[in-house]
Structures are given as C-alpha cells and as structure tokens.
There are 2 protein chains.
Amino acid sequence: MIKLSKKVEYAILALQYIAENSSKTNTAKEIAENLTLPYEFLSKLLQTLMKKGLLVSQLGVKGGYKLAKQISEITVEELMNALDERSNIVDCADGDSNCCSRTEICDIRSPIMNLQEQINNIFKNTTIANLKNNL
Amino acid sequence: MIKLSKKVEYAILALQYIAENSSKTNTAKEIAENLTLPYEFLSKLLQTLMKKGLLVSQLGVKGGYKLAKQISEITVEELMNALDERSNIVDCADGDSNCCSRTEICDIRSPIMNLQEQINNIFKNTTIANLKNNL
DNA sequence: CAAAAATACGATTATTTTTATCCGAATTTA
DNA sequence: TAAATTCGGATAAAAATAATCGTATTTTTG
Ligand code: FES
Ligand code: FES
C-alpha cells in the first residue's frame, strides 16, 4: 500500500512543531495536545528520535525535547531509518533474500532494486523542512 | 513501510510468466506451481486482473489465462490500481481528508502531495516488461 | 450425456503489521 | 519530598495483508 506510517507522519509534525518552538524545551504532552496526537505513542516515538540523535532530551521537571539538528538537515530517509522504518519495497532489498519465490534465480530482483533506488532518492532528497508550506 | 504487497509481487511474476508462455492459455494451477506461489491466492488475483481488463480468461477444461495487453504496455501503476492497491503515502491523497491531525489547517499536505507525485511518476514510468532482467 | 478440468465468487480464517496503551522506574526541579 | 517529566519494557487492540474453503458455473471431451 506504499503508505507512510503514523510514526513517520507524527514525527514530521512533531519535528516541525519543535522547530517552531525551538526557544524552549517542548514536553511530549504539550506537543501531543497541540497536534492532537496520541500522547503515549508520540512519547515513545520521541524517545526513539532522541536515541537516534535527532532530538536532545532533558529529564525531570522542566524537561522535554529540543532539536539536535535543524529540520532542514534531516531527510525523510534519515527519519525513517531512525524510526526503524525501512523504505524497502521488497523484503530482499536489504539482503534478507526470499522476498519472492525462486529467490536464487529471481528474474525481477535487479530491476526491482532499480525501482527501490528511485524511491530512496526521493526520500533522500526531501528534508523535514521541505515538507512545510510556509517556507 | 513502503512495501509492495504480495499481490503486486505475485502479479508481476505471473504476468511475466504468462508473457513468456503467450502461445497457450495458462492455468492458475500451472502458474502457481511453476512460480511456487499459493494457488488460491494467485487464483483470486488473476480473476481480479481479468475483471480489470489486463487478462483474458477462458472457462472450462482447457481454460486459463492469456494477456489482454502486452506487459510492455502495463505500468506498475496500472497494476496497482487494478489490484485496488493505491500507491498513496497518506490517506488524504485521494481526498479522504483527515489523514493526519488538524486536516483543515494541515501544514504539510501540499508538500506531501508533491512527494506523492514523485512516487506516482516512478510507478507510472515503469512497465511490467521493464521489470525483467533478460530483456 | 456425464465426468473432469477449469474459472468465478463469496465467505471466512489466519497471520502479520501497525497503532496504541499501561505501568513502574529513574531523573530533575523546586 | 513532591511533582513533572523522560525512560523502558511489556502488552493489548485494531487494522491490513495473506491465505484458504466451499460451492457454483462453464466448457471440453470421451
Ligand atoms: S528475490 Fe527479491 S525481487 Fe525477487
Ligand atoms: S491532512 Fe494529509 S498530509 Fe496533512
């Protein structure tokens, strides 16, 4: 179905929100409320982005999140990787093999990989900042 | 996860198989056996492709499927549509709205649609014949 | 005509993936 | 020490995908 997962969608919105409010640390709760996103889910997601180095977190009261890098320097590809969402269109894309029957003698693997690269390029060339209307 | 569904994957393989054996009518059973694909599932899928005009079927003994058009004239986009697989990366892509929170004032819709178009173009410009190694 | 080999169609089940929640722990501020 | 918050693991709920079942219909052929 070639769909961006909610994780990715929420993360884009959250990153843009944090970018707009970069003067302070933003709590997961505040972001969730302002964007009307499920708090627990968003919370998990932000923690992941932190661990992957896209966000910096501060624990405790007055804690929250800030950007670790500008959203103009975060590509969609990077975001997907951080969220463990591979942009693979077939399972064998990262070497796992048997994405389709007859793996060994697969007739379509190489051309499928070509498709894959075209798609990767799109995500590689789009940053979170690019995904805003009001530039 | 941006993954081609099994339906699409199997369909590509099946169409290529039928193209290679275009002199005769190919039964679902034969195709499934030769490609090691689940018969019932493939069968359903071929029926769908027939109804959508990509295949021609013949009922009864000696029945089976033939191509209704050359695989060089079937794009991946067309195939996905035929299989009711939209290549939408977000729900609002075909007007359904509220794909993400704050739909009305969605900051990212238009740029997301741009991404969408880039992806559509890839699928629009790739035919089933293009997805073969041995041209 | 009857049997066999197919497709056609609808319903259902099973599996996997995605999305969401819960809970207790650790950390920091005041 | 209490409150606000991130952290981390486990689990649950929902949705989408993949697969199967059963029966009907069509066509060929002996
Ligand atoms: S084995 Fe991956 S495309 Fe065939
Ligand atoms: S409403 Fe679809 S991208 Fe925001």
Side-chain angles (χ1 to χ4, degrees), chain A residues 1-11 13-14 18 24-33 35-52 54-66 68 80 83-91 96 98-101, chain B residues 1-11 13-14 18 24-33 35-52 55-66 68 80 83-91 96 99-101:
Chain A
M1 193 61 168
I2 311 285
K3 192 151 61 176
L4 251 44
S5 66
K6 291 298 173 195
K7 275 206 279 192
V8 174
E9 214 172 310
Y10 295 172
L13 291 166
I18 297 173
K24 56 167 183 164
T25 58
N26 302 273
T27 69
K29 191 182 167 199
E30 182 204 337
I31 302 170
E33 280 173 0
L35 300 178
T36 333
L37 300 178
Y39 168 73
E40 313 270 7
F41 192 65
L42 176 70
S43 198
K44 260 291 146 49
L45 187 160
L46 294 175
Q47 286 170 34
T48 306
L49 294 184
M50 187 274 298
K51 271 191 286 192
K52 295 301 174 63
L54 300 192
L55 291 176
V56 173
S57 70
Q58 190 187 337
L59 286 184
V61 181
K62 293 268 185 179
Y65 298 94
K66 293 187 115 175
M80 291 176 106
L83 294 172
D84 294 308
E85 307 266 327
R86 289 305 180 305
S87 58
N88 295 346
I89 58 174
V90 286
D91 293 334
D96 261 13
N98 68 341
C99 77
C100 69
S101 54
Chain B
M1 192 65 167
I2 310 285
K3 191 150 65 178
L4 251 45
S5 65
K6 292 295 174 196
K7 275 205 280 191
V8 173
E9 214 173 310
Y10 295 172
L13 292 166
I18 297 174
K24 56 169 181 157
T25 57
N26 302 273
T27 69
K29 190 181 169 199
E30 182 204 338
I31 301 171
E33 279 173 0
L35 300 178
T36 333
L37 299 179
Y39 168 73
E40 313 269 8
F41 193 65
L42 175 70
S43 199
K44 258 297 144 51
L45 188 161
L46 294 174
Q47 286 170 33
T48 306
L49 293 184
M50 186 273 298
K51 269 191 286 192
K52 293 303 173 62
L55 291 176
V56 172
S57 71
Q58 190 189 337
L59 287 184
V61 181
K62 294 268 187 180
Y65 298 93
K66 294 189 114 174
M80 291 177 105
L83 294 171
D84 294 308
E85 309 266 325
R86 289 307 180 305
S87 58
N88 295 346
I89 59 174
V90 285
D91 293 333
D96 262 10
C99 78
C100 68
S101 55

Counting primed atoms plus P, OP1 and OP2 as sugar-phosphate and everything else as base, spell out the protein contacts along nucleotides 4-14 of chain C at 4.0 Å heavy-atom distance: B, S or - for each nucleotide, 5' to 3'.
BBSBBBBB---

Who are the side chain to side chain donor-acceptor pair (under 3.5 Å) partners of B/Lys24, not counting sequence neighbours?
B/Glu30

From OH of B/Tyr10 across to C1' of D/dA18 the rounded distance in Å is 7 Å

Check whether B/Thr36 reaches the backbone of B/Ala32 with its side chain - one donor and one acceptor, N or O, closer than 3.5 Å.
no

Between C1' of C/dT18 and CD of A/Glu9, the distance in whole Å:
13 Å

Test of understanding: with side chain to side chain donor-acceptor pair (under 3.5 Å), list the residues that count as partners of B/Glu33, not counting sequence neighbours.
none

Rounded to the Å, how far apart are A/Glu30 CD and D/dT6 C1'?
15 Å

In whole angstrom, give the distance that lies between atom CZ of A/Phe41 and atom P of C/dT17.
16 Å

Taking the side chain as everything from C-beta on, heavy atoms only, tell me whether A/Leu46 gets closer than 4.5 Å to A/Ile31.
yes

With B/Lys7, which residues qualify under side chain to side chain contact (heavy atoms under 4.5 Å, CB included), at least two apart?
B/Ser5, B/Phe41, B/Leu45, B/Leu83, B/Glu85

Rounded to whole Å, the CD-C1' distance (A/Glu33 to D/dA4) equals 13 Å

Length of the line joining A/Lys6:NZ and D/dA14:P, which is rounded to integer Å:
16 Å

Please list, chain by chain and in numerical order, all residues satisfying salt bridge (charged side-chain N to carboxylate O under 4.0 Å, His left out) with A/Lys52, sequence neighbours excluded.
A/Asp84

Grab the CG-C1' distance between A/Leu55 and D/dC7 for me, whole Å please.
14 Å

